[in-house]
Visitor: 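Provided herewith is a single structure, encoded as structure tokens, for subsequent inquiry.
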Amino acid sequence: MDERAARHNAKMKTIKSARDEMMKAKTEEKGLIIVHTGAGKGKSSSGFGMVMRCIAHGMPCAVVQFIKGNWETGEKMLLQAHFPEACRFFVSGEGFTWETQDRARDVAAAANGWRIAREQILDPAIRFVLLDEINIALRYDYLDLQEVLDFLLTRKPPMTHVCLTGRNARPELIAAADLVTEMTLVKHPFRNGVKAQMGVEF
């Protein structure tokens with residue numbers, strides 16, 4: 001073994017020893033409150049990635065989509081066509097707020113979505129619930145933030161994971177969550193006149 005390889009080997013042994021010690025203390029298991037927010041792309045995509053991961057592990061899922069409306073997205077088509085027993089899929093939104101232009105309808109749609117979400121979260125058969133774009137509904141006060149927080153913190157089953165996506169997550173939700181990821185926008189083709197691309201955005 002040459003000198004460079006020996007240094008690398010010694011360094012990795014030290015790191016592994018430290019990691020092994022750290023992992024000894026990580027013994028708790030719990031259902032997480034997860035938030036994906038930020039201006040960058042990938043919030044819903046990451047949430048759907050978790051759905052697929054849960055399906056692979058035999059963990060039944062549910063998706064409740066707020067705001068987006070009846071888009072025929074790739075995720076929806078895949079899950080409904082190939083995994084209808086493993087993942088329930090609900091669409092409560094009627095489209096983006098600038099499309100509906102009707103606050104009362106948006107509030108009613110969000111309330112219906114939250115009703116469905118509560119039912120899925122409380123269902124003992126479901127292990128992971130994706131609340132896609134619910135942060136937008138909370139941002140515009142279509143839903144009562146405190147009601148959502150109280151439910152997640154006091155009524156969510158202890159081993160059920162819930163993922164909430166959408167930009168501009170409220171600070172109170174971020175504080176309550178176990179895992180928060182902020183997607184940072186660095187560059188996006190939309191700014192250069194490129195429309196949403198199949199397989200990338202939907």
Visitor: If you round to the nearest 0.5 Å, how far is CD1 of Ile174 from CG of Leu179?
Guide: 12.0 Å
Visitor: Under a 4.5 Å cut-off applied to non-hydrogen side-chain atoms, are Arg7 and Lys11 in contact?
Guide: no
Visitor: Heavy atoms, side chains only, cut-off 4.5 Å: are Asn135 and His36 in contact?
Guide: no
Visitor: For the residue pair Ala137 and Ala110, what are the closest heavy atoms and their distance?
Guide: CB-CB, 4.2 Å
Visitor: If you take all heavy atoms of Ala176 and Leu149, which pair is closest and at what distance?
Guide: CB-CD2, 3.9 Å
Visitor: Looking at side-chain heavy atoms only, is the closest gap between Phe66 and Leu143 below 4.5 Å?
Guide: yes
Visitor: When you compare the side chain of Val148 with that of Leu173, does any pair of heavy atoms fall below 4.5 Å?
Guide: no
Visitor: Would you please name every residue forming a ring-ring contact (aromatic ring centres under 6.0 Å, His included) with Phe90, sequence neighbours left out?
Guide: none
Visitor: When you compare the side chain of Phe151 with that of Ile121, does any pair of heavy atoms fall below 4.5 Å?
Guide: yes
Visitor: Would you check if there is a donor-acceptor pair between the side chains of Asn112 and Ser92 at a distance under 3.5 Å?
Guide: no
Visitor: Can you name the closest pair of heavy atoms from Leu79 and Cys87 and give their distance?
Guide: CD1-SG, 4.1 Å
Visitor: How would you list, by chain and number, every residue that makes a side chain to side chain contact (heavy atoms under 4.5 Å, CB included) with Leu32, sequence neighbours excluded?
Guide: Lys30, Ile34, His161, Asp178
Visitor: Say whether Met77 and Met198 are linked into one hydrophobic cluster, either directly or through other cluster members, by side-chain heavy-atom distances under 4.5 angstrom.
Guide: no
Visitor: Anything under 3.5 Å between a donor and an acceptor, one on a side chain of residues 183-190, the other on a protein residue two or more places apart or in another chain? List them.
Guide:
residue, atom, partner, partner atom, Å
His188, ND1, Phe190, N, 3.1
His188, NE2, Glu201, OE2, 3.3

Visitor: Return the minimal non-hydrogen interatomic distance between Lys43 and Arg167, and the atom names on each side.
Guide: CE-N, 3.6 Å
Visitor: Minimum heavy-atom separation for Val162 to Leu152, with atom names?
Guide: CG1-CD2, 4.1 Å
Visitor: May I have all residue pairs that pass salt bridge (Lys or Arg N to Asp or Glu O under 4.0 Å) and include part of residues 140-165, sequence neighbours excluded?
Guide: Arg118-Glu147, Asp141-Arg170
Visitor: Taking Gln197 for the side chain and Lys195 for the main chain, is one N or O donor matched with an acceptor at less than 3.5 Å?
Guide: yes
Visitor: For residues 47-59, which residue pairs pass the salt bridge (Lys or Arg N to Asp or Glu O under 4.0 Å) check, not counting sequence neighbours?
Guide: none
Visitor: Rounded to the nearest 0.5 Å, what separation is found between the CG atom of Leu130 and the OG atom of Ser44?
Guide: 7.0 Å
Visitor: Going by the rule side chain to side chain contact (heavy atoms under 4.5 Å, CB included), which residues pair with Arg127 if we only count those two or more places apart in sequence or in a different chain?
Guide: Met59, Pro60
Visitor: Side-chain contact, heavy-atom cut-off 4.5 Å: Ser46 with Thr181?
Guide: no
Visitor: Mind listing the closest non-hydrogen atom pair of His82 and Pro84 along with its distance?
Guide: C-CD, 3.3 Å
Visitor: Testing Leu138, Val64, Ile116 for side-chain contact (heavy atoms from CB on, under 4.5 Å) with Leu131, which one passes?
Guide: Val64
Visitor: For side chain to side chain contact (heavy atoms under 4.5 Å, CB included), just list the numbers for Gln120 and Val63, CA-CA rounded to whole Å, side-chain angles, deciding distance to a tenth of an Å, and then say yes or no.
Guide: CA-CA 9 Å; Gln120 300 308 306; Val63 175; over 6 Å; no
Visitor: A side-chain contact here means heavy atoms from C-beta on lying under 4.5 Å apart; do Asp123 and Arg88 qualify?
Guide: yes
Visitor: To the closest 0.5 Å, what do you measure between CZ (Arg103) and OH (Tyr140)?
Guide: 10.5 Å
Visitor: Can you hop from Phe128 to Met159 via hydrophobic side chains spaced under 4.5 Å?
Guide: no
Visitor: Looking at Thr37 and Asn168, would you say the former's side chain and the latter's main chain have a donor-acceptor pair under 3.5 Å?
Guide: yes
Visitor: Tell me, do Tyr142 and Ile67 make a side-chain contact under 4.5 Å, heavy atoms counted?
Guide: yes
Visitor: Rounded to the nearest 0.5 Å, how far does CD1 of Ile55 lie from CG of Leu78?
Guide: 8.0 Å
